[in-house]
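The shown structure was predicted, so the numbers you read here are calculated from the model rather than taken from an experiment.
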Amino acid sequence: MVDICQYCKQRSKATESLEFKELEKLGHTCNEITFKKDQRIVVQGAVAYNIAFLKEGLVKIHQRGPEKEQILKVSKAPSYLGLPTSLASRINQYTVTAITKSKVCFINNEIFKEFILNNGKFAYEIIMDLCTQELDFYKRAINQIQKQSAGKIAEALLFFANDIYLSDNFTLPLSRNDMGDLTCSSRETVSRVLSDFAHNHIIEIDKNSIKIIDKEQLKVISKHG
DNA sequence: GCATTAACCACAG
DNA sequence: CTGTGGTTAATGC
């Protein structure tokens, strides 16, 4: 028990709806754990006893497919890590790995269910969160099926710039291999497309630091596959 | 057929 | 781990 939830500044939006008493209860069962880069926070195949809430950091959520690893999404704090797997299944359906140092609160499953059953506002916020994620996932699933590789990689770059770093100048936290797993393409294709973008002055690239020069062009490529 | 795309393989930094 | 070149298979015109 590291934090007292009532005073935590990094709570989820849903917990704003909790009563003081409920927060106290949360505080009694909540454990905060810090993970280093590349440590696994949630492990596919293991039994889930807790809900994981990412307070700080950046993670990748990935699943072992029949052929190879598939990165389902990259997620930054604050967010719940895998409500579907924690609530709908007793076994984790995917692995979550820290890609930067991360702080995670583990909340007892039963307590969490109790909040959902007893507090409508809390439940509403959780449902909103799930809906948003599902819609987002549909969108990306279709993109990945229909776009060709330059489009998928352009989209990934825009995602990091717009959604993760809020800057056109950032350091890619993933290896080329991981970028391939994320965009459903091979690591070679990622390499080629990135250097191609650089040649065409759409981005500047030095190792993993990326600078987007021509964002409009990147958007066009992302849109038209 | 011919062109395009992207995966796979191999090899060099 | 990354970048690049050659090869190959699939697909579209």
Side-chain angles (χ1 to χ4, degrees), chain A residues 34-45 54 56-77 81-82 92-104 136-225:
Chain A
T34 301
F35 292 87
K36 290 180 205 142
K37 178 176 160 56
D38 293 332
Q39 277 189 314
R40 284 177 301 180
I41 299 169
V42 174
V43 179
Q44 182 172 356
L54 182 65
E56 206 180 297
L58 198 62
V59 301
K60 62 177 176 184
I61 297 171
H62 48 119
Q63 195 173 62
R64 181 87 211 149
E67 294 283 322
K68 56 172 186 174
E69 200 71 13
Q70 174 72 47
I71 298 185
L72 297 165
K73 64 189 277 188
V74 170
S75 190
K76 72 167 178 176
L81 300 176
N92 291 324
Q93 298 298 301
Y94 41 72
T95 300
V96 180
T97 304
I99 56 186
T100 67
K101 183 185 163 199
S102 299
K103 284 185 189 171
V104 179
D136 180 60
F137 187 76
Y138 287 164
K139 195 178 117 197
R140 281 181 313 106
I142 291 170
N143 281 339
Q144 293 198 333
I145 291 165
Q146 297 186 356
K147 284 180 183 175
Q148 40 187 53
S149 52
K152 293 187 286 195
I153 291 162
E155 181 183 285
L157 291 176
L158 289 171
F159 165 74
F160 281 112
N162 296 337
D163 295 345
I164 301 292
Y165 293 110
L166 313 179
S167 162
D168 290 349
N169 210 332
F170 58 89
T171 302
L172 259 191
L174 298 178
S175 68
R176 298 297 128 104
N177 212 342
D178 275 356
M179 283 296 283
D181 290 345
L182 176 65
T183 55
C184 300
S185 44
S186 68
R187 64 165 191 84
E188 293 98 324
T189 299
V190 174
S191 279
R192 287 193 172 104
V193 170
L194 285 179
S195 52
D196 209 48
F197 286 169
H199 285 145
N200 292 319
H201 306 290
I202 297 168
I203 62 174
E204 272 175 20
I205 179 166
D206 177 29
K207 292 271 185 181
N208 274 2
S209 58
I210 305 273
K211 186 175 183 186
I212 296 177
I213 308 291
D214 191 344
K215 202 167 190 172
E216 288 312 310
Q217 189 58 30
L218 209 53
K219 280 182 193 163
V220 171
I221 294 169
S222 165
K223 212 171 228 167
H224 297 104

With side chains defined as the heavy atoms from C-beta onward, is the minimum distance between Leu174(A) and Val74(A) less than 4.5 Å? yes
For the side chain of Lys147(A) and the backbone of Ile221(A), is there at least one donor-acceptor N/O pair under 3.5 Å apart? no
Between Ile61(A) and the options Val42(A), Leu72(A), Thr95(A), the side-chain contact (heavy atoms from CB on, under 4.5 Å) test singles out Leu72(A)
List the steps, then state whether side chain to side chain donor-acceptor pair (under 3.5 Å) holds for Asn162(A) with Lys215(A). CA-CA 11 Å; Asn162(A) 296 337; Lys215(A) 202 167 190 172; 2.8 Å; yes
For the pair Gln63(A) (side chain) and Gln93(A) (backbone), establish whether a donor and an acceptor sit closer than 3.5 Å, ignoring hydrogens and angles. yes
Strictly under 3.5 Å: I want the nitrogen or oxygen pairs between protein and nucleotides 2-9 of chain B, one per line.
{"residue": "dA6(B)", "atom": "OP1", "partner": "Ser149(A)", "partner atom": "N", "Å": "2.6"}
{"residue": "dA6(B)", "atom": "OP1", "partner": "Ser149(A)", "partner atom": "OG", "Å": "3.0"}
{"residue": "dA6(B)", "atom": "OP2", "partner": "Ser149(A)", "partner atom": "OG", "Å": "2.9"}
{"residue": "dA6(B)", "atom": "O5'", "partner": "Ser149(A)", "partner atom": "OG", "Å": "3.3"}
{"residue": "dA7(B)", "atom": "OP2", "partner": "Ser186(A)", "partner atom": "N", "Å": "3.4"}
{"residue": "dA7(B)", "atom": "OP2", "partner": "Ser186(A)", "partner atom": "OG", "Å": "3.1"}
{"residue": "dA7(B)", "atom": "OP2", "partner": "Thr189(A)", "partner atom": "OG1", "Å": "2.4"}
{"residue": "dC9(B)", "atom": "N4", "partner": "Glu188(A)", "partner atom": "OE2", "Å": "3.0"}

When rounded to whole Å, the CG to P distance for the pair Asn177(A) and dT2(C) reads 8 Å
Carboxylate-amine/guanidinium proximity below 4.0 Å for Glu216(A) and Lys219(A): yes
Close residues, residues 197-212 of chain A, relative to DNA chain C [heavy-atom separation under 4.0 Å]: none
Could you tell me whether a side-chain N or O of Asn177(A) sits under 3.5 Å from a main-chain N or O of Arg187(A), the two making a donor and an acceptor? no
Starting at atom CG of Asp196(A), determine the distance to atom P of dG3(C), rounded to an integer number of angstrom. 13 Å
I want to check something: taking the side chain as every heavy atom from C-beta on, are Phe159(A) and Ser222(A) in contact at a cut-off of under 4.5 Å? no
